Amino acid sequence: MAPPAGGRRYFPRIMLEYEKHGELKTKSIDLLDLGPSTDVSALVEEIQKAEPLITASRTEQVKLLIQRLQEKLGQHSNHTFYLFKVLKAHILPLTNVALNKSGSCFITGSYDRTCKLWDTASGEELNTLEGHRNVVYAIAFNNPYGDKIATGSFDKTCKLWSVETGKCYHTFRGHTAEIVCLSFNPQSTLVATGSMDTTAKLWNIQNGEEVCTLRGHSAEIISLSFNTSGDRIITGSFDHTVVVWDADTGRKVNILIGHCAEISSALFNWDCSLILTGSMDKTCMLWDATNGKCVATLTGHDDEILDSCFDYTGKLIATASADGTARIFSAATRKCIAKLEGHEGEISKISFNPQGNRLLTGSSDKTARIWDAQTGQCLQVLEGHTDEIFSCTFNYKGNIVITGMEDINTIDSFFLDWLLEFPS
């Protein structure tokens with residue numbers, strides 16, 4: 001039996017190794033219900049009922065492995081982040097920040113028409129990606145692989161770059177207005193771009209060719225996201241709708257109609273059964289990803305929803321608002337279980353750590369905050385910023401936070417004084 005394996009999303013899992021017809025095979029079991037208070041014996045019994053590979057002789061070994069994972073999940077409750085590095089990144093204001101899978105390096109986009117690649121630990125600039133003729137607005141690594149970078153620009157093009165050399169592989173041309181969002185599919189074979197021209201386009205990473213154009217919105221597309229299998233993509237638009245598309249054919253599968261103002265975010269949960277949309281109409285809506293029907297409307301905020309997200313198991317939902325508060329909802333009951341109060345300005349970004357027990361928020365009040373995801377208690381205020389925080393994110397391990405400020409060109413990196421490692 002092998003130690004837990006990493007994946008595109010990080011939550012506890014075990015990996016089984018077995019031999020079939022003389023060939024070594026593996027099978028993973030996700031432990032979505034594992035928490036510090038989980039009854040491990042009962043959990044193992046459930047797993048054994050569904051998994052014949054775990055025989056009675058292996059029961060104690062599996063229990064021990066899961067207990068060690070459980071201990072790791074509960075180890076970091078009292079630990080805090082510290083300011084590690086402040087970088088003056090560009091000569092003009094930043095637009096976005098993105099980390100690679102491990103958090104070993106990150107990228108910044110800027111009004112100076114470049115994207116820069118940075119070493120997180122040393123703060124050293126590794127490369128400057130030059131070639132765009134206008135603002136570099138949307139940026140992304142092809143995580144979990146992390147060997148390519150995509151940049152979307154107000155010059156109406158998207159470029160694909162090598163992380164190792166900084167070489168530009170392809171320039172994707174075809175949009176007739178600014179590119180404002182982009183995303184790689186999980187398999188890293190496609191990159192999707194969303195534009196102010198009301199369309200999204202899918203591009204083949206290998207040959208640089210356009211695969212298809214997704215037409216149907218009547219206003220700019222400001223959000224797009226693939227599901228975990230890569231066969232569906234959703235686009236959110238200022239036309240108040242979200243569209244679900246078949247990523248293989250470009251066919252429109254469902255139109256999610258219900259919001260009465262611009263869409264701010266749209267994403268799938270981990271198992272692709274639900275879609276979460278946030279809107280300037282002060283609500284979030286949950287949709288059945290198969291039939292496109294609304295299953296719940298999450299209310300309570302007094303101003304626009306600026307960001308929203310699932311935790312990595314899809315059990316919790318977090319919303320961030322211009323009213324200066326964030327809220328945590330149960331995905332099962334659709335009820336608000338915690339209200340996060342403390343910021344003195346609008347909250348533009350919110351995200352869970354990979355373990356699902358912490359939330360990170362970034363605000364116009366010049367602070368980022370770490371919250372307990374169960375109680376809503378503020379655990380730490382990340383201070384020292386001199387302007388509005390427009391971007392903040394955890395790395396995949398949850399021990400590094402990167403924040404980006406409006407203050408011309410500044411990036412702060414915060415490190416946690418613990419490192420979560422799976423037992424070997």
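Because the structure is a prediction, the values reported are computed rather than measured.
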> Charged N to carboxylate O below 4.0 Å: is that the case for Glu60 and Lys63?
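So Glu60 pairs with Lys63 through a salt bridge.
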> Using only atom types and a distance under 3.5 Å, with no angle test, would you say the side chain of Ser264 pairs donor to acceptor with the backbone of Gly278?
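Yes.
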> What distance do Gln374 atom CD and Arg358 atom CZ have between them, rounded to the nearest 0.5 Å?
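Nearest 0.5 Å value for the CD-CZ distance: 9.5 Å.
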> At their closest point, which heavy atom of Val242 faces which heavy atom of Gly236, and how far apart are they?
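In this case the closest contact between Val242 and Gly236 is CG2-CA, 4.0 Å.
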> Would you say the side chain of Thr313 lies within less than 4.5 Å of the side chain of Phe352, judging by non-hydrogen atoms?
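SC-SC contact between Phe352 and Thr313 ruled out.
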> Checking Glu130 now: which residues fulfil salt bridge (Lys or Arg N to Asp or Glu O under 4.0 Å) with it, not counting sequence neighbours?
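Scan of Glu130 (salt bridge (Lys or Arg N to Asp or Glu O under 4.0 Å), adjacent residues dropped) gives none.
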> I'd like to check Leu286 versus Leu276 (side-chain heavy atoms, cut-off strictly below 4.5 Å). Are they in contact?
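Touching, per the 4.5 Å side-chain cut-off.
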> What is the minimum heavy-atom distance between Arg113 and Val135, and which atoms define it?
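Arg113 and Val135 have their closest heavy atoms at CG-N, 4.2 Å.
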> Whether the side chain of Asn357 engages the backbone of Ala373 through a donor-acceptor N/O pair (distance < 3.5 Å, no angle test) should be reported.
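No, Asn357 side chain to Ala373 backbone: no donor-acceptor pair under 3.5 Å.
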> Counting only N and O atoms by type, is there a donor-acceptor contact under 3.5 Å from the side chain of Asp288 to the main-chain atoms of Lys293?
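Flag not set: sc Asp288 to bb Lys293 has no pair under 3.5 Å.
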> To the nearest 0.5 Å, tell me how far His343 NE2 sits from Ser348 OG.
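These two atoms lie 9.0 Å from each other.
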> If you look at every heavy atom in Trp287 and Val295, which pair is closest and at what distance?
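Looking at all heavy atoms of both residues, the closest pair is N-CG2, 4.1 Å.
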> Please check if any side-chain donor atom of Ser308 sits under 3.5 Å from a side-chain acceptor atom of Ser265, or the reverse.
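Looking only at side-chain atoms, Ser265 and Ser308 do form a donor-acceptor pair, the distance falling under 3.5 Å.
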> Kindly say whether Ala326 contributes a backbone atom to a donor-acceptor pair with the side chain of Ser321 at under 3.5 angstrom?
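No; judged by distance alone, with no hydrogens or angles, the pair does not exist.
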> Answer yes or no: is there a side-chain heavy-atom contact under 4.5 Å between Val180 and Glu220?
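Counting from C-beta outward, Val180 and Glu220 never come under 4.5 Å.
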> Do Arg334 and Leu298 have side chains that approach each other closer than 4.5 Å (heavy atoms only, starting at C-beta)?
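They are in contact (side-chain heavy atoms under 4.5 Å apart), so the answer is yes.
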> Looking at Gln187, I'd like to know if its CD atom is crowded, meaning that more than 12 non-hydrogen atoms belonging to other residues, nucleotides or ligands lie closer than 6.0 Å.
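For Gln187, atom CD is crowded (more than 12 foreign heavy atoms under 6.0 Å).
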> When rounded to the nearest 0.5 angstrom, what distance separates CG in Leu360 from CG in Leu382?
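If I round to the nearest 0.5 Å, the distance is 7.0 Å.
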> Using distance alone, with no hydrogens and no angle criterion, decide if Gln355 and Asn353 have a side-chain donor and acceptor under 3.5 Å apart.
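The criterion, which ignores hydrogens and geometry beyond distance, is satisfied for Asn353 and Gln355.
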> Flag the pair Thr95 / Tyr111 as yes when at least one side-chain heavy-atom distance between them is below 4.5 Å, and no otherwise.
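Of all side-chain heavy-atom pairs linking Tyr111 with Thr95, at least one is under 4.5 Å.
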> Counting N and O atoms only, with roles assigned by atom type, does the side chain of Asn143 sit under 3.5 Å from a partner on the main chain of Lys101, one being a donor and the other an acceptor?
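Checked: pair present.
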> Apply side chain to side chain contact (heavy atoms under 4.5 Å, CB included) to Trp270 and Thr228, showing your working.
CA-CA 7 Å; Trp270 168 249; Thr228 50; 3.3 Å; yes
> Would you check if the side chain of Ser279 reaches a backbone N or O of Ile263 as a donor-acceptor pair within less than 3.5 Å?
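No; judged by distance alone, with no hydrogens or angles, the pair does not exist.
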> Going by salt bridge (Lys or Arg N to Asp or Glu O under 4.0 Å), name the residues that satisfy it together with Arg232, two or more places apart in sequence or in a different chain.
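By the salt bridge (Lys or Arg N to Asp or Glu O under 4.0 Å) rule, Arg232 matches Asp246.
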> Flag the pair Asp387 and Lys366 as a salt bridge only when some basic side-chain nitrogen lies within less than 4.0 angstrom of an acidic carboxylate oxygen.
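Salt bridge absent between Asp387 and Lys366.
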> What verdict does the side chain to side chain donor-acceptor pair (under 3.5 Å) test give for Thr393 and Ser351, after you've listed the backbone C-alpha separation in whole Å, the side-chain angles of each residue and the deciding distance to 0.1 Å?
CA-CA 7 Å; Thr393 184; Ser351 60; 5.1 Å; no
> Atom CG of Asn127 and atom CD1 of Ile149: how far apart are they, to the nearest 0.5 Å?
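The CG atom of Asn127 sits 8.0 Å away from the CD1 atom of Ile149.
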> Are the side chain of Ser183 and the backbone of Ala192 linked by a donor-acceptor contact shorter than 3.5 Å?
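Flag not set: sc Ser183 to bb Ala192 has no pair under 3.5 Å.
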> Side chain of Asp119, backbone of Glu124: donor and acceptor closer than 3.5 Å?
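It does not hold such a pair.
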> Which atom names give the shortest non-hydrogen contact between Tyr137 and Ile179, and what distance separates them?
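So the two residues come closest at CB-O, 4.0 Å.
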> Check whether any side-chain heavy atom of Val136 lies under 4.5 Å from a side-chain heavy atom of Leu129, and answer yes or no.
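SC-SC contact between Val136 and Leu129 ruled out.
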> Would you say the side-chain atoms of Arg327 pair up with the backbone N or O of Cys336, donor to acceptor, closer than 3.5 Å?
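Not a single qualifying donor-acceptor pair exists.
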> Once rounded to the nearest 0.5 Å, what's the spacing between atom CD1 of Ile221 and atom CG of Leu214?
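Between atom CD1 of Ile221 and atom CG of Leu214 there are 7.0 Å.
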> Apply side chain to side chain contact (heavy atoms under 4.5 Å, CB included) to Ile305 and Thr283, showing your working.
CA-CA 6 Å; Ile305 303 287; Thr283 73; 5.6 Å; no
> Quick one about Asp147 and Asn142 (side-chain donor to acceptor, distance below 3.5 Å, no hydrogens or angles considered), yes or no?
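A donor-acceptor contact under 3.5 Å links the two side chains.
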> How many angstroms lie between atom NZ of Lys349 and atom OG of Ser363, to the nearest 0.5 angstrom?
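Atom-to-atom, Lys349:NZ and Ser363:OG are 13.5 Å apart.
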> Between Cys158 and Leu182, what is the shortest heavy-atom contact and its length?
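For Cys158 and Leu182, the tightest heavy-atom pair comes out as SG-CD2, 4.2 Å.
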> One pair to check against side chain to side chain contact (heavy atoms under 4.5 Å, CB included): Ser153 and Arg133. What are the steps and the verdict?
CA-CA 8 Å; Ser153 171; Arg133 293 183 293 174; over 6 Å; no
> Give the minimum heavy-atom separation between Ser223 and Cys181, together with the two atoms involved.
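Closest approach of Ser223 to Cys181: N-SG, 3.6 Å.
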> Counting neighbours of CZ on Phe154 that are heavy atoms of other residues, nucleotides or ligands and sit closer than 6.0 Å, is the number greater than 12?
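Yes, enclosed.
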> Less than 4.5 Å apart, any side-chain heavy atom of Asp365 and any of Glu346?
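The answer is no, as the side chains (C-beta and beyond) never meet within the 4.5 Å cut-off.
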> Please examine the side chains of Ile205 and Tyr169, heavy atoms only from C-beta on, and report whether any two atoms are closer than 4.5 Å.
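No, every pair of side-chain atoms sits at 4.5 Å or beyond.
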> Under the side chain to side chain contact (heavy atoms under 4.5 Å, CB included) rule, what do Ile347 and Leu340 come out as? Steps first, then yes or no, please.
CA-CA 11 Å; Ile347 303 173; Leu340 282 51; over 6 Å; no
> Please check if the side chain of Asn185 supplies one atom and the backbone of Leu190 the other of a donor-acceptor pair under 3.5 Å.
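Yes, because the side chain of Asn185 sits within donor-acceptor range (under 3.5 Å) of the backbone of Leu190.
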